[in-house]
Amino acid sequence: MRKFKKRIVNVCIIACLLAMVSTTTVFATMVAYGSERAGYMVATTQLRKKTNTFDDSALNKKYKSYMTYGAKVWKESGVVTLKRDNTSINTIKMCTSKDTSAVATTTRYGDKRTGRVVMFEIYLNKDIMNGRAISRNRATAAHEIGHTLGLLDLYEKRNKGKLMYGITDRETTKPTTADIKGGKYATRK
């Protein structure tokens, strides 16, 4: 009975996450800048900060290393600096769900008046990530950080080489020139 209750709770949590992501996805598909043809798309809500913080204290050491890599490659690109801060309102957590193909999800909460992201949450699905290569998980972390900036997924095959390609068989683990151009637009003041 206890296992059944736990399963029900997990299913409810995942359903809530998917509902939030679906709402965010519908909102986020409103493109403010770029296109599939340009190789980047920026949502109507963007981070617009060159330095930001995140709290990944809920992650284990392995998953923190993925986030460290993601933050490092975005910093090296000159777009944004992300720093750990256990008091940050921006959180990164693990979730478990075998009932979805989503490796990770990011939700941005924007101020509709200013168009700025005021908070973000990243959920890494350990049920999927635990069976993957380290390089793919690092790419996922960097990809999700791209979403926190306001970058949207790309789906055309021509963009398979971009970090923001939305299918998990992307060919890169760090921001490309096009990802950086979109990221710079998203973090402008």
Side-chain angles (χ1 to χ4, degrees), residues 14-56 67 70-71 73-83 85 88-93 95 100-125 139-168 170 172-189:
I14 296 303
C16 289
L17 285 173
L18 289 174
M20 287 186 335
V21 170
S22 296
T23 303
T24 302
T25 302
V26 169
F27 180 72
T29 55
M30 295 172 25
V31 178
Y33 186 67
S35 65
E36 285 274 355
R37 186 178 261 338
Y40 58 90
M41 292 191 300
V42 181
T44 54
T45 54
Q46 302 118 23
L47 190 61
R48 295 193 189 166
K49 285 184 177 179
K50 293 290 184 185
T51 302
N52 215 335
T53 61
F54 64 92
D55 177 5
D56 67 352
M67 295 313 302
V73 296
W74 276 107
K75 180 178 181 180
E76 288 172 352
S77 75
V79 173
V80 68
T81 299
L82 294 164
K83 299 178 182 180
D85 179 352
S88 178
I89 61 171
N90 303 312
T91 58
I92 303 165
K93 299 176 182 176
C95 66
T100 180
S101 61
V103 179
T105 59
T106 297
T107 304
R108 293 180 321 276
Y109 300 93
D111 180 331
K112 290 179 185 171
R113 186 178 52 79
T114 64
R116 294 178 186 244
V117 170
V118 293
M119 183 178 98
F120 63 80
E121 296 173 325
I122 297 175
Y123 286 90
L124 305 172
N125 186 347
T140 295
H143 175 92
E144 296 304 316
I145 288 172
H147 284 313
T148 70
L149 305 178
L151 296 176
L152 300 174
D153 283 330
L154 303 168
Y155 291 106
E156 291 181 3
K157 289 276 185 211
R158 75 173 89 201
N159 291 315
K160 192 172 183 177
K162 313 281 189 319
L163 181 64
M164 295 312 297
Y165 186 63
I167 312 296
T168 59
R170 74 184 61 86
T172 188
T173 59
K174 58 186 180 180
T176 64
T177 303
D179 297 308
I180 293 168
K181 186 172 182 178
K184 286 184 176 179
Y185 180 84
T187 56
R188 75 199 187 289
K189 293 266 179 177

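All residue numbers in this chain count up from 1 along the given sequence. Values reported hereafter were calculated over all heavy atoms of this structure, with side chains retained and with hydrogens, waters and symmetry mates removed.
Pairing each heavy atom of Ser88 with each of Thr53, the nearest pair is OG-OG1, 2.9 Å. Across Arg170 and Leu163, no two heavy atoms sit closer than the pair NE-O, 3.1 Å. Closest non-hydrogen pair, Leu151 versus Arg108, comes out as O-NH1, 4.4 Å. The heavy-atom pair separating Trp74 from Ala142 by the smallest distance is NE1-O, 2.9 Å. Residue Ala186 comes nearest to Gln46 through the heavy atom pair O-CB, 3.2 Å, listed as atom of the first residue, atom of the second, then distance. Nearest heavy-atom pair across Val80 and Thr51 is CG2-N, 4.4 Å.
The closest side-chain donor-acceptor pair between Tyr109 and Glu121 falls under 3.5 angstrom. For the residue pair Thr176 / Lys162, no side-chain donor-acceptor distance below 3.5 Å is found, with atom types taken as modelled.
Considering only heavy atoms from C-beta on, Lys157 comes within 4.5 Å of Tyr165 through its side chain. Between Val117 and Thr148 there is no side-chain heavy-atom pair separated by less than 4.5 Å.
Note that the CG atom of Asn90 and the CG atom of Asp85 stand 9.5 Å from one another [nearest 0.5 Å]. Note: Phe54 CZ to Ile122 CD1 = 8.5 Å, rounded to the nearest 0.5 Å. Here the straight-line distance linking atom CG of Leu124 with atom OG1 of Thr106 works out to 8.0 Å at 0.5 Å rounding. To the nearest 0.5 Å, the span separating NE2 on His143 from OG1 on Thr172 amounts to 12.0 Å. Rounded to the nearest 0.5 Å, atoms NZ (Lys83) and CG (Asn52) are 10.5 Å apart. The CG atom of Asn159 sits 11.0 Å away from atom CG of Asp153, with the distance rounded to the nearest 0.5 Å.
Other residues, nucleotides and ligands contribute only 12 or fewer heavy atoms inside 6.0 Å of the NZ atom of Lys75.
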> Which is it for Ile92 and Glu144 under the side chain to side chain contact (heavy atoms under 4.5 Å, CB included) test, yes or no, and what are the steps along the way?
Replying inline: CA-CA 10 Å; Ile92 303 165; Glu144 296 304 316; over 6 Å; no
>> Evaluate Met41 against Leu154 for side chain to side chain contact (heavy atoms under 4.5 Å, CB included), listing each step before the verdict.
In response: CA-CA 8 Å; Met41 292 191 300; Leu154 303 168; 4.1 Å; yes
> Would Val31 and Leu152 satisfy side chain to side chain contact (heavy atoms under 4.5 Å, CB included), going step by step from the backbone distance to the final call?
Replying inline: CA-CA 8 Å; Val31 178; Leu152 300 174; 3.8 Å; yes
>> side chain to side chain contact (heavy atoms under 4.5 Å, CB included), that's the test. Do Arg188 and Arg48 meet it? Break it down for me.
In response: CA-CA 5 Å; Arg188 75 199 187 289; Arg48 295 193 189 166; 3.0 Å; yes
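Using a 30° and 60° split on the angle between ring planes, Tyr33 and Tyr40 fall in the tilted class, from 30° to 60°.
A donor-acceptor contact shorter than 3.5 Å links the side chain of Glu36 to the backbone of Tyr155.
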